[in-house]
Trainee: 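Submitted below is the structure of interest, expressed as structure tokens.
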Amino acid sequence: MATTTKTAASPKKNNQGFQGVRGAFWVIVVCFIIGFTAFYTWFGREANFADATRETAINVWGTIFHGGVIVPVIHSLLLTVVAMSIERWLAMSTAFGKGSLPKFVASIKAALNANDFAKAQQLCQQQRGSVANVVSASLNAYKEMENTSGIKKAQKVAKIQQAHEEATQLEMPTLTMNLPIIASIVTLGTLTGLLGTVVGMIRSFSALSAGGGADSAALSQGISEALINTAFGIGTSWLAVVSYNYYTNKVDKLTFALDEVGYSIAQTYEANHNEEA
């Protein structure tokens, strides 16, 4: 008697909604342009200083300008964190789908327990997002294995799990895209701020040395201006840490949901089918 042996087709990613910005380099370039433009046109405008030489600041904008050329670099990093955080929020919203993820997972498990795969597919179409794409691919592999003969049940379960893993791998780049940029700015923000502080302190002490006297007022002003870089650097790193940890936690939650549903589909097949020769 002839037997039929089929292999589960490789899942294809169902692109729906915002998938993330792949050309992040240009986002960074735009942020640097905005940062330097704002530094020289807004922070450095004459209205922020007592005279045309820009030596005496009369407001916070002028004081920030005295932080030196390192300030717009830090501002650019800050803008990059904000831009990448918004980009990740849009991408994660698409990945999680339209409804509540825990409710969707519970509904899928309930449909699987009732052997209602039509309902499970309908839930995937309604939910959309990365989890729904992976679940749909696993369900398609489940149906294909039901129509396949000539291989053992353990092999069929393995193929269902393989289809689930392949679909997950297709979705993961969208979930983790651009997170390394935010992680890098966690360190770059602080280091750049410290660099600006050191440069500012060197300039302050050089000016005092050239003046021939220990002017405490001038020293205090120089230190205050130098610490602006530290403040902005730490603020940038703080925002980057919060953003990175928040989105990493979101990715972990989605990954756990994928693992939970994938295990349920494989176990359902194993429980509903007898061993084949």
Side-chain angles (χ1 to χ4, degrees), residues 8-24 27 80-146 160-183 239-240 242-269 272:
S10 298
K12 295 182 180 180
K13 184 173 180 178
N14 185 14
N15 294 323
Q16 295 175 335
F18 183 75
Q19 299 295 312
V21 176
R22 299 187 181 277
V27 175
T80 301
V81 172
V82 173
M84 291 295 98
S85 297
I86 295 174
E87 183 267 349
R88 284 295 83 205
W89 182 80
L90 294 173
M92 289 292 179
S93 298
T94 300
F96 273 73
K98 293 186 175 181
S100 170
L101 185 59
K103 183 178 179 180
F104 170 72
V105 172
S107 299
I108 288 292
K109 294 177 69 175
L112 292 175
N113 291 332
N115 292 323
D116 190 351
F117 290 91
K119 177 64 174 178
Q121 286 285 15
Q122 182 181 3
L123 290 171
C124 292
Q125 294 175 358
Q126 294 174 350
Q127 178 73 14
R128 299 186 178 183
S130 294
V131 176
N133 290 342
V134 174
V135 173
S136 180
S138 300
L139 292 175
N140 290 336
Y142 186 109
K143 291 182 179 179
E144 187 172 352
M145 289 302 101
E146 284 189 323
I160 294 174
Q161 293 174 335
Q162 180 182 359
H164 173 84
E165 292 172 359
E166 290 177 352
T168 301
Q169 291 174 0
L170 287 175
E171 297 294 337
M172 287 307 295
T174 299
L175 302 178
T176 59
M177 186 188 302
N178 297 328
L179 282 180
I181 296 176
I182 299 177
L239 179 61
V242 172
S243 177
Y244 179 78
N245 289 336
Y246 174 77
Y247 289 114
T248 300
N249 183 57
K250 297 277 282 185
V251 172
D252 289 341
K253 287 182 178 179
L254 197 146
T255 302
F256 293 152
L258 290 175
D259 292 341
E260 182 179 0
V261 176
Y263 177 80
S264 297
I265 293 175
Q267 290 301 308
T268 299
Y269 186 92
N272 292 345

Trainee: To the nearest 0.5 Å, what is the distance between CG on L170 and CG on N133?
Mentor: 9.5 Å
Trainee: Looking only at heavy atoms, what is the nearest atom pair of F104 and L123, with distance?
Mentor: CE1-O, 3.5 Å
Trainee: According to side chain to side chain donor-acceptor pair (under 3.5 Å), who are the partners of S136, at least two apart in sequence or on a separate chain?
Mentor: Q121
Trainee: Which value, rounded to the nearest 0.5 Å, describes the distance between K103 atom NZ and Q127 atom CD?
Mentor: 10.0 Å
Trainee: Looking at CE of M84 and CG of L179, how far apart are the two atoms once the value is rounded to the nearest 0.5 Å?
Mentor: 10.5 Å
Trainee: Is the closest side-chain heavy-atom distance between Q126 and K98 below 4.5 Å?
Mentor: no
Trainee: Would you check if the side chain of R88 reaches a backbone N or O of M177 as a donor-acceptor pair within less than 3.5 Å?
Mentor: yes
Trainee: About how many Å separate CD1 of I265 and NZ of K109, when rounded to the nearest 0.5 Å?
Mentor: 11.5 Å
Trainee: Is the cationic atom of K250 (NZ for Lys, CZ for Arg) positioned less than 6.0 Å from the six-membered ring centroid of F96 and within 45 degrees of its normal?
Mentor: yes
Trainee: Please report the C-alpha distance between N178 and V21 in whole Å, then the side-chain angles of each, then the deciding distance to 0.1 Å, and finally whether the side chain to side chain contact (heavy atoms under 4.5 Å, CB included) criterion is met.
Mentor: CA-CA 8 Å; N178 297 328; V21 176; 4.3 Å; yes
Trainee: Taking it one step at a time, do Y263 and D259 satisfy side chain to side chain contact (heavy atoms under 4.5 Å, CB included)?
Mentor: CA-CA 6 Å; Y263 177 80; D259 292 341; over 6 Å; no
Trainee: Working to the nearest 0.5 angstrom, can you tell me the gap between I108 CD1 and C124 SG?
Mentor: 4.0 Å
Trainee: Check step by step if side chain to side chain donor-acceptor pair (under 3.5 Å) holds for Q169 and E165.
Mentor: CA-CA 6 Å; Q169 291 174 0; E165 292 172 359; 5.6 Å; no
Trainee: Please report the closest heavy-atom contact between V131 and L258, naming both atoms and the distance.
Mentor: CA-CD2, 3.5 Å
Trainee: Going through the checks in order, is the side chain to side chain contact (heavy atoms under 4.5 Å, CB included) test met by T268 and Y142?
Mentor: CA-CA 10 Å; T268 299; Y142 186 109; 4.0 Å; yes
Trainee: For S138 and I160, work out which heavy atoms get closest and say how close.
Mentor: O-CG2, 4.2 Å
Trainee: Run the side chain to side chain contact (heavy atoms under 4.5 Å, CB included) test on S85 and Y246 for me, step by step, so that the C-alpha distance in whole Å, both residues' side-chain angles and the decisive distance to 0.1 Å come before the verdict.
Mentor: CA-CA 10 Å; S85 297; Y246 174 77; over 6 Å; no
Trainee: What is the minimum heavy-atom distance between L175 and S130, and which atoms define it?
Mentor: CD2-OG, 3.9 Å
Trainee: Measuring from atom CG of D116 to atom CD of Q122, what distance do you get when rounded to the nearest 0.5 angstrom?
Mentor: 8.5 Å
Trainee: Please find the pair of heavy atoms, one from M172 and one from V251, that lie closest to each other, and give the distance.
Mentor: CE-CG1, 4.1 Å
Trainee: Judged by atom type as modelled, is there a donor-acceptor pair below 3.5 Å linking the side chain of S243 to the main-chain atoms of L239?
Mentor: no
Trainee: Could you report the tightest heavy-atom contact between A120 and L139, atom names first, then the distance?
Mentor: CB-CD1, 3.6 Å
